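Just follow the structure's listing: the first ligand is 1, and inside any ligand the first atom is 1. The model shown is predicted, which means the values in this text are computed figures rather than measured ones.
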Amino acid sequence: MATDKEHLNPFEIAQRQLDEAAKVLELDPALHELLRWPIRELHVTLPVKMDDGTTRIFHGFRVQYNDARGPTKGGIRYHPAETIDTVRALAAWMTWKCAVVDIPLGGAKGGVICNPKELSVGELERLSRAYIRQVGRIIGLEKDVPAPDVYTTPQIMAWMADEYSFLKGYNEFGVITGKPLALGGSAGRGDATARGGIYCLREAAKVLGLDLRGATTAIQGYGNAGSFAHKLGTELLGLKVVAVSDSRGGIYSPTGLEYAQVMAHKEETGSVIGFPGTRPVSNEELLELDITVLVPSALENVIIEANAGRIRAKLSAELANGPTTPEADKILHANGVYVIPDFLCNAGGVTVSYFEMVQNAYDYYWDEEMVHARLDKKMTAAFHAVHAAAQTHNVHNRLAAYLVAVNRVAQAVRLRGWA
Ligand code: GLU
């Protein structure tokens, strides 16, 4: 999908986004250069015994981007197209994400090149344990705390917490978040990414003077973020979701799609496609539908220079990481599309992960009501900080989010005397 002139390397994109913010903030050159690179990264090679008796070698990474504000934090992604530069970009975005919601953590990310859909449960478990045996030396409560991301689950977090506990010789479940409730997980972590994005949408509607009841909505991606956005968008805001998609394609119905029915269909058939009473749409077409709210919830680089001019939504709530390129951002801004940028919009996940770390440290657990109230407070404050920066500097929301986040990280770096 890349045009000849548009560069889609996610890490180069992350660096260019930072460069723009550094210019506005007039960052000291050394401080700017420090923030352009990961502090450290580990490449690991993982031998895994397969069910057929053979051994397969997998490759993985853990990138710790910046820990000026606290231990690094970020998920682990299992994906066949994973690259070190994708992980670097995601780790950079985690740094800005934790800063924009003002939680005392830095940014990191992990990844393993694999296709989890082709692995048995046993193979997945052995791969996950092998990953922890390698990255175990650089993670830890005070160092770096992983979590789920694309194609990783609470069960995988449980195996990883277990393996790490064996390495240490005692239970240390707090080393990882997004765990099942029975192993020190937090109430409200499951839908937290989508919920945080829905709170942002609610606030955006207020500042724009929009009524979102019945607003037509399309959701790209039906994993954890996208499927819960369908559920909570309907329940909390009264959105009318007319289109959803997953990696195999999408469905459209002008009369609206019911979450429980679509989810049941996906659980039964493995995909949303073929849901009765809908017409098929491709993932590309879904983005360009005549709708009010667009929720990109899948992967990076889907809204690019080539299609940005055809986006008709008034609002784009980015639950995915990196769905929009810098060229596309300019086009959306010029066309008046109000973007709630990724590392603000999807920060609900890591915010509740931070709550999980706090609860693990105290060994005392909150109810869902408490988690929702504290998440709402964090997301609402972050949204308005970004909205205010956009007004003050007269810039688009992504640059505004960078200004807020980078400024906070820069302040910590200066105070620590690094640059
Ligand atoms: N993977 C999620 C993200 O991209 C959550 C990270 C976390 O909870 O640490 O924000």
Side-chain angles (χ1 to χ4, degrees), residues 10 14 61-67 69-79 82 86-112 135 139-141 143-154 156-158 160-161 173-180 184-197 200 221 223-226 228-229 296-300 317-323 340-360 371 374-375 378-379 382 401 405:
F61 318 101
R62 183 74 187 168
V63 175
Q64 299 174 343
Y65 197 83
N66 186 288
D67 58 2
R69 286 171 47 88
T72 55
K73 184 86 190 79
I76 300 165
R77 179 184 286 200
Y78 285 179
H79 200 275
E82 195 68 298
T86 312
V87 182
R88 286 174 177 145
L90 291 162
W93 292 328
M94 283 308 305
T95 307
W96 316 134
K97 191 180 305 192
C98 292
V100 88
V101 281
D102 205 9
I103 54 179
L105 299 168
K109 204 79 175 197
V112 177
V135 303
I139 64 172
L141 284 182
K143 297 197 270 187
D144 178 17
V145 179
D149 197 74
V150 172
Y151 294 146
T152 49
T153 59
I156 291 175
M157 300 306 111
M160 290 181 167
F173 299 160
V175 71
I176 198 157
T177 62
K179 301 179 293 289
S186 174
R189 178 63 184 86
D191 69 14
T193 305
R195 184 176 291 274
C200 284
N224 172 278
F228 277 121
S297 313
L299 293 174
E300 52 282 349
E318 299 181 342
L319 289 180
N321 287 308
I340 309 173
D342 55 359
F343 69 75
L344 166 65
C345 195
N346 68 28
V350 75
T351 301
V352 177
S353 274
Y354 163 61
F355 296 161
E356 185 173 331
M357 289 172 68
V358 172
Q359 293 168 81
N360 289 160
V371 171
R374 289 186 164 165
L375 174 64
K378 277 280 179 207
M379 296 305 302

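Between Leu105 and Met357, the closest side-chain pair of non-hydrogen atoms falls below 4.5 Å. No side-chain heavy atom of Thr86 sits less than 4.5 Å from a side-chain heavy atom of His79.
For residues 86-100, the set of pairs meeting the salt bridge (charged side-chain N to carboxylate O under 4.0 Å, His left out) definition, not counting sequence neighbours, comprises Glu41-Arg88, Asp85-Arg88.
Between Arg189 and Ser353, the side chains place a donor N or O and an acceptor N or O closer than 3.5 Å (distance only, hydrogens not considered).
Within 4.0 Å of ligand 1, protein heavy atoms come from Lys73, Gly74, Gly75, Met94, Lys97, Lys109, Ala147, Pro148, Asp149, Arg189, Asn321, Gly349, Val350, Ser353.
Of the possible polar contacts, one joining the Asn224 side chain to the Gly190 backbone as a donor-acceptor pair under 3.5 Å is found.
A perpendicular orientation is assigned to the rings of Trp96 and Tyr65, their planes being inclined by more than 60° (bins at 30° and 60°).
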